[in-house]
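A, B, ... follow the sequence lines: proteins, then strands. Residue 1 opens every chain. Just so you know, these numbers use all the heavy atoms, side chains as well, and skip hydrogens, waters and symmetry mates.
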Number of protein chains: 2
Amino acid sequence: MKITPMTQSLVLHFGEMGSRWGLNRTLGQMYAVIVLTEAPLNADQISEALQISRSNVSMGLKELKSWNLIKLHHIPGDRKEYFSAPSDIWEIARTLVVERRKRELDPTLSTLRDALMEQPSNESDEYAQMRVQQMHDLMEMVTLWTNEMQGMSSEKLSALLKLGEGISKILDVKDKLLLR
Amino acid sequence: MKITPMTQSLVLHFGEMGSRWGLNRTLGQMYAVIVLTEAPLNADQISEALQISRSNVSMGLKELKSWNLIKLHHIPGDRKEYFSAPSDIWEIARTLVVERRKRELDPTLSTLRDALMEQPSNESDEYAQMRVQQMHDLMEMVTLWTNEMQGMSSEKLSALLKLGEGISKILDVKDKLLLR
DNA sequence: TACAATTTTCACAAATTACTGAAAATTCAG
DNA sequence: CTGAATTTTCAGTAATTTGTGAAAATTGTA
C-alpha cells in the first residue's frame, strides 16, 4: 500500500511519540496508519506501508489487540484479516486511558496496599507508610474516575472536557447544587 | 544509606513501574527513595541506597530536575546538595500530569496543526485530515484541562477528584446551575 | 481430509537505551 | 587565588528492547 506524504509525516511523528506513550515506535506507526486510513487494512498492507517485516506486523497487531485499540473485519471471499480503528475518536481516547490505568496504576495500587498491611519497623518506615497511604488514596480516586469515564458516552465525555476552565466554577457551587 | 525492607520492596516496584511511566527504572527507584524518605538526601546516599554509580545518580537527578519533581536543599556547613520531594502528594501528581502533557501531547499537537495547514492531495488525505482534526480538538481540550489543573490548589484538586462518580450527575444539571 | 493461504512463534541479529569509571568542570572555604 | 570537595560530562561497554526470517501452527475451502 502506498502512503501519501501527509500520512507519511504523521506516521513518522506518531512513531516518535509511540515510545513516550508506553507503546513503542513501530506500534505508534502501525496505529497511525490504521487510524488515518478509512478502509480496514490487512497485515500485508501495513507491512508494505511501513516497510517492516510481516512478522513484526503480526506481533504489533497482537499488542494492539491486547490494548483493545483495533477492530477486526472479514471481507467475503478473502481469507485475510482486516483491521481498523474505532471511528469515534472519543472511544479511542477512553480505551487508551483505561488501558494505561491498567498498566500504570493498578499494579502499583496493589503493591501500595501490600506495604500498608506491613507493620512499620521504625520511624522511617512510619513516614514511608504515611506517604504510601497518600499515594494510595490519590491513585484510588483516579481509578474511580477512569471507571466512571469508561461508562460515559462520547457525547458526555466531550461535554465534560469542554468544560475546561469552567470546572473550577462548578466546583465552587457544587454543594449548593447537590442540595436541590 | 541503609534502607528498610519495606522501602526496599517499594523501591523495586517503582523501578519496574518507572519504565511504564515515561521515566526509566533507575529514575523510578531514585524518586521512590526520595519520596519515601523524610530527610533530604544527597547524591552519595542515593547511590549507596540503590547500589548504582555516583555518575548515574548525577544523570538521574538532572532528569528529575527537568521534570520539576525535586526540591534542592543546602545544609549549613555542608557543601553537598540535598534533595527532597514535595511534601504535598498533590503537588507531585500535578507536576507529573503537566510534565507528561508537555512531553506526550504538546509535540503532537503541533504536528497535527501542521498537517491541518496542508492542502489535501486526494480523498484519502481528506479522510486523514478529518481524523487529525478530531485528534487535535480532543488534545486541545485535554491541554486546557491540565492548564486548569496546574493552577488549582491541592484542596480543590482533591475535592474534584473525590467527586468520582458524582461527576455525571453534575454534568446533567450543569446548565441549570450556570444560569443562576 | 488434504493442502494452500495465512498467521503466529521464536531464536538470533540489530538497534537502542542505560550504566560506569575516569577525566573535566565547577564550587567554595581559606 | 589555590586547591580540596563535589558535581557533571562523556566515551566505551553492558543490558535491554525491538526487528527479522525461517519454521511451525492455524485456518478455511475444495
Side-chain angles (χ1 to χ4, degrees), chain A residues 1 11-34 40-67 70-84 103-104, chain B residues 1 11-34 40-67 70-84 103-104:
Chain A
M1 199 189 70
V11 159
L12 289 180
H13 177 81
F14 279 95
E16 295 301 317
M17 282 302 118
S19 19
R20 305 198 176 179
W21 269 85
L23 312 168
N24 68 40
R25 187 159 40 82
T26 309
L27 228 54
Q29 294 187 352
M30 283 182 57
Y31 202 55
V33 77
I34 291 173
L41 300 175
N42 66 43
D44 287 319
Q45 292 175 306
I46 298 171
S47 164
E48 192 197 343
L50 303 179
Q51 309 269 51
I52 60 179
S53 74
R54 187 44 245 273
S55 55
N56 200 358
V57 172
S58 177
M59 294 188 297
L61 287 171
K62 185 178 169 186
E63 187 140 6
L64 288 178
K65 280 176 207 160
S66 84
W67 278 77
I70 47 178
K71 289 182 180 316
L72 182 57
H73 301 258
H74 282 287
I75 295 188
D78 188 339
R79 281 177 61 177
K80 291 201 175 76
E81 294 193 306
Y82 287 78
F83 301 91
S84 71
R103 291 164 171 78
E104 297 178 357
Chain B
M1 200 189 68
V11 160
L12 289 180
H13 176 81
F14 279 96
E16 295 300 317
M17 281 303 117
S19 20
R20 306 200 176 179
W21 270 85
L23 312 169
N24 68 39
R25 186 159 42 82
T26 308
L27 229 54
Q29 293 187 353
M30 284 181 56
Y31 203 54
V33 79
I34 292 173
L41 300 174
N42 66 42
D44 287 319
Q45 293 175 306
I46 298 171
S47 164
E48 192 197 343
L50 303 179
Q51 309 268 52
I52 60 181
S53 74
R54 185 46 244 271
S55 54
N56 200 359
V57 172
S58 177
M59 293 189 297
L61 286 171
K62 186 179 170 188
E63 187 140 7
L64 287 177
K65 281 175 206 159
S66 85
W67 278 77
I70 47 178
K71 290 183 179 317
L72 181 56
H73 301 258
H74 282 287
I75 295 187
D78 188 339
R79 278 179 62 179
K80 290 203 174 77
E81 295 194 306
Y82 288 78
F83 302 90
S84 70
R103 290 164 171 78
E104 296 178 358

OP1 or OP2 of D:dC10 under 4.0 Å from side-chain N/O of B:K62: no

Interatomic distance where CZ belongs to B:R20 and P belongs to D:dT17 [whole Å]: 11 Å

Please list, chain by chain and in numerical order, all residues satisfying salt bridge (Lys or Arg N to Asp or Glu O under 4.0 Å) with B:R103, sequence neighbours excluded. B:E99

Between atom CG in B:L72 and atom P in D:dT6, what is the gap in whole Å? 15 Å

Minimum side-chain heavy-atom gap A:L64-A:Y31 below 4.5 Å: yes

Distance check needed: C:dA29 P versus B:K80 NZ, whole Å only. 14 Å

Going by side chain to side chain donor-acceptor pair (under 3.5 Å), name the residues that satisfy it together with A:H74, two or more places apart in sequence or in a different chain. none

By side-chain contact (heavy atoms from CB on, under 4.5 Å), B:T26 pairs with (sequence neighbours left out) B:N24, B:M30, B:I52, B:N56

By the salt bridge (charged side-chain N to carboxylate O under 4.0 Å, His left out) test, which pairs, at least two apart or in different chains, include something from residues 51-63 of chain B? none

Inter-end axis angle, the helix from C:dT1-D:dA30 to C:dG30-D:dC1, with every axis fitted to five base pairs (rounded, 10 degrees): 30°

If I compare all heavy atoms of A:A43 with all of A:L61, which pair ends up nearest, and what's the gap? CB-CD1, 4.1 Å

Nearest heavy-atom pair of B:P40 and B:Y82: which atoms, and what distance? O-CD2, 3.5 Å

Side chain to side chain donor-acceptor pair (under 3.5 Å) partners of B:S53, counting only residues at least two apart: B:S55

Is the phosphate of D:dT8 approached by B:K65 (side-chain N or O, under 4.0 Å from OP1 or OP2)? yes

Using the salt bridge (Lys or Arg N to Asp or Glu O under 4.0 Å) criterion, which residues pair with A:E104? Sequence neighbours excluded. A:R100, B:R100

Using a 4.0 Å heavy-atom cut-off, write out nucleotides 13-25 of chain C from 5' to 3' as B (base contacted by protein), S (sugar-phosphate only) or - (no contact). -----SSBB----

Apply side chain to side chain donor-acceptor pair (under 3.5 Å) to A:S19 and list each qualifying residue two or more places apart in sequence or on a separate chain. none

With a 4.0 Å heavy-atom cut-off, tell me which residues in residues 41-48 of chain A come close to DNA chain C, sorted by residue number. none

Sorted by chain and residue number, the side-chain contact (heavy atoms from CB on, under 4.5 Å) partners of A:K65 (sequence neighbours excluded) come out as A:I70, A:F83

Test item: B:V33 and B:M1 side chains (from C-beta on) under 4.5 Å apart, heavy atoms: yes

For residues B:N42 and B:I46, determine if any side-chain heavy atom of one lies less than 4.5 Å from a side-chain heavy atom of the other. no

Quick check for you: to the nearest 0.5 Å, what is the distance between A:K80 atom NZ and A:Q45 atom CD? 8.0 Å

How many whole angstroms separate atom CG of B:L64 from atom P of D:dT8? 12 Å

Please give, in whole Å, the distance from D:dT9 C1' to B:E63 CD? 15 Å

When the distance from CD of A:Q29 to C1' of D:dG19 is rounded to whole Å, what number comes out? 12 Å

Distances under 3.5 Å between nitrogen or oxygen atoms of protein and nucleotides 27-30 of chain D:
from   : atom 1 : to    : atom 2 : distance (Å)
D:dT27 : O2     : A:R79 : NH2    : 2.3

Whole Å only: how far is the CG atom of B:D78 from the P atom of C:dC28? 12 Å

